[in-house]
Amino acid sequence: MSSLPATMRAIDPASPGGPDVLVVVERPVPQPGPGEVLIRVHAAGVNRPDILQRMGLYPMPPGAPTIMGLEVAGEIVALGEGVATLSVGDPVCALIAGGGYADYATAPAVQCLPVPPGMRFDEAATLPETWFTVWANLNDLAGARVGETMLVHGGTSGIGVTAIDFARSRDMQIIVTCGTDAKCQAAKALGATHALNYRDGDFAPKVRELTGGRGVDIVLDMVGGEYFPRNLASLRDGGRHVSIAFQKGNRLELDVGFLMRKRLHVTGSMLRPRSVAEKGAIAEALEREIWPLFTDGRLKAHLFRSYPLEQADDAHRLMESGGHVGKIALTLA
Ligand SMILES: NC(=O)c1ccc[n+]([C@@H]2O[C@H](COP(=O)([O-])OP(=O)(O)OC[C@H]3O[C@@H](n4cnc5c(N)ncnc54)[C@H](OP(=O)(O)O)[C@@H]3O)[C@@H](O)[C@H]2O)c1
């Protein structure tokens, strides 16, 4: 630890606001606690929850750093007490509860995954948040099985492109919705089975048509509001609905008779407040089931654009404009 500086660059907004609050400030280099590692951050992923946090709309779990950023990639420079599975110098990417937009960040050792061979740090930094989320919701909650069909909104979002890869890894059919024809093309090029432009009318009857009238097995929803009844109408009998966000409203109207007749399952989850042990279990499953697909080239990162830390405001503006396909990263080295 002695060779490390005492302070570092970080983005730690003093108050909520627009992208202009994302200015670089000086902060103390954090110390790894028991079971944690200290990472020299080479790149940090940018996610929609960061936008919500910047705007003051995302309740942070108690004790999470106020420095922004939920995922990083870099090299380990120090080990906390009791860490035996990782070494100083290891290149890792990690899911963290905050603190990623900075030169150094601490991460629980169990939430670190190796940087896949040949992958750049700015690419690897974009993997944890969406892969942990997609795995927790599609594998663990929805119990997605080989050969099933799912509907995923936001087909070119960070979550959407990861869900497409998840579907490919499991030989599933995936129907996505996107806001433009160009995004529909992009989603199909990435492997979506079908892509529907949600501005061209209600997606629900089209989903039924595409599934021969049966409906999909799973809906992964990030829209909420008026999409909820249409999502349920898109499900087969016994289908599973998983909510991960509610961009169009968190109050959902449910016809319980419809739910009963179709024997539907309605669930959802939020990654950030989950325990280190739960996140560690997800990391273990990802390393076993998904990381080998990066190693053998069947999957890749979907980095759309990187910005230096000083241009985090531009990175947020890009995300808010919806001009991206896949993921955005900040570079620090
Ligand atoms: N629960 C969790 O643990 C968790 C974790 C991570 C992320 N999330 C949530 O997952 C969502 C995606 O995150 P991200 O980082 O991947 O963000 P992102 O890349 O900015 O994507 C946001 C997406 O929302 C889509 N969208 C907005 N309104 C829509 C509508 N009416 N119909 C269909 N799609 C619509 C956009 O599609 P178009 O651009 O095509 O309009 C865009 O693809 C966010 O809402 C985020 O808060 C949840």
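Atom set for the values below is all heavy atoms of this structure, side chains included, hydrogens, waters and symmetry mates excluded. Atoms within a ligand are numbered from 1 in the order they appear, just like the ligands themselves.
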**Item:** N/O separation below 3.5 Å, Glu129 to ligand 1
**Value:** no
**Asked** Where the side chain of Glu123 meets the backbone of Arg120, is there a donor-acceptor pair that is under 3.5 Å apart?
**Response** yes
**Prompt:** Less than 6.0 Å separating the ring centroids of Phe203 and His153?
**Reply:** yes
**Message:** I'd like to know if Phe246 contacts ligand 1, where contact means a heavy-atom distance under 4.0 Å to any ligand atom.
**Reply:** no
**Complete:** At under 4.0 Å between heavy atoms, what of Ala136 touches ligand 1? The answer is neither
**Request:** Mind running salt bridge (Lys or Arg N to Asp or Glu O under 4.0 Å) on Arg317 and Asp313 for me, showing each step along the way?
**Result:** CA-CA 6 Å; Arg317 283 188 196 99; Asp313 55 342; 3.3 Å; yes
**Message:** Can you tell me which portion of Ala245 lies within the under-4.0 Å heavy-atom range of ligand 1? Options are side chain, backbone, both, or neither.
**Reply:** side chain
**Item:** N or O contact, Leu52 vs ligand 1, cut-off under 3.5 Å
**Value:** no
**Asked** Hey, does Cys178 sit under 4.0 Å from ligand 1 if you only count heavy atoms?
**Response** yes
**Prompt:** Just by distance, do the side chain of Thr180 and the backbone of Lys183 share a donor-acceptor pair under 3.5 Å?
**Reply:** yes
**Location of contacts on Arg272 toward ligand 1, heavy atoms closer than 4.0 Å** = neither
**Message:** If you take the nearest heavy atom of each of Val134, Val242, Ile244, which one is closest to atom 48 (C) of ligand 1?
**Reply:** Ile244
**Request:** Verify, without hydrogens or angle tests, whether Trp135 (side chain) and Ile282 (backbone) share a donor-acceptor contact under 3.5 angstrom.
**Result:** no
**Fill in**
Checking heavy-atom distances from atom 30 (C) of ligand 1 to each of Tyr227, Phe203, Phe304, Phe132, the winner is Tyr227
**Request:** Have a look at ligand 1 and work out which part of Val223, if any, has a heavy atom under 4.0 Å from it: side chain, backbone, both or neither.
**Result:** side chain
**Prompt:** Taking N or O atoms only and a 3.5 Å limit, does Thr156 qualify as a polar contact for ligand 1?
**Reply:** no
**Prompt:** With a 4.0 Å heavy-atom cut-off (strictly under), which part of Gln247 contacts ligand 1: side chain, backbone, both or neither?
**Reply:** side chain
**Item:** Residues that His324 engages under ring pair (Phe, Tyr, Trp, His ring centres under 6.0 Å), provided they are two or more places apart
**Value:** none
**Asked** Below 4.0 angstrom, N of the basic side chain to O of the carboxylate: do Arg9 and Glu310 qualify?
**Response** yes
**Message:** Regarding atom 4 (C) of ligand 1: of the candidates Thr133, Asn47, Leu57, which has the closest heavy atom?
**Reply:** Thr133
**Polar proximity ligand 1 side, Gly326 side, N/O cut 3.5 Å exclusive** = no
**Request:** Examine the proximity of ligand 1 to Lys248 and report which part, side chain or backbone, both or neither, has a heavy atom under 4.0 Å away.
**Result:** side chain
**Item:** Those residues that, when tested against Asp12, pass salt bridge (charged side-chain N to carboxylate O under 4.0 Å, His left out) (two or more places apart)
**Value:** Arg27
**Request:** Kindly check if the number of other-residue, nucleotide or ligand heavy atoms within 6.0 Å of CD (Glu287) is above 12?
**Result:** yes
**Asked** What part of Leu271 sits under 4.0 Å from ligand 1 if we count only heavy atoms: the side chain, the backbone, both or neither?
**Response** both
**Under 3.5 Å: N/O of Arg199 near N/O of ligand 1** = no
**Request:** Kindly confirm or rule out an N or O of Tyr198 lying under 3.5 angstrom from an N or O of ligand 1.
**Result:** yes
**Prompt:** Do side-chain atoms of Asp202 reach the backbone of Ala204 as a donor and acceptor pair under 3.5 angstrom?
**Reply:** yes
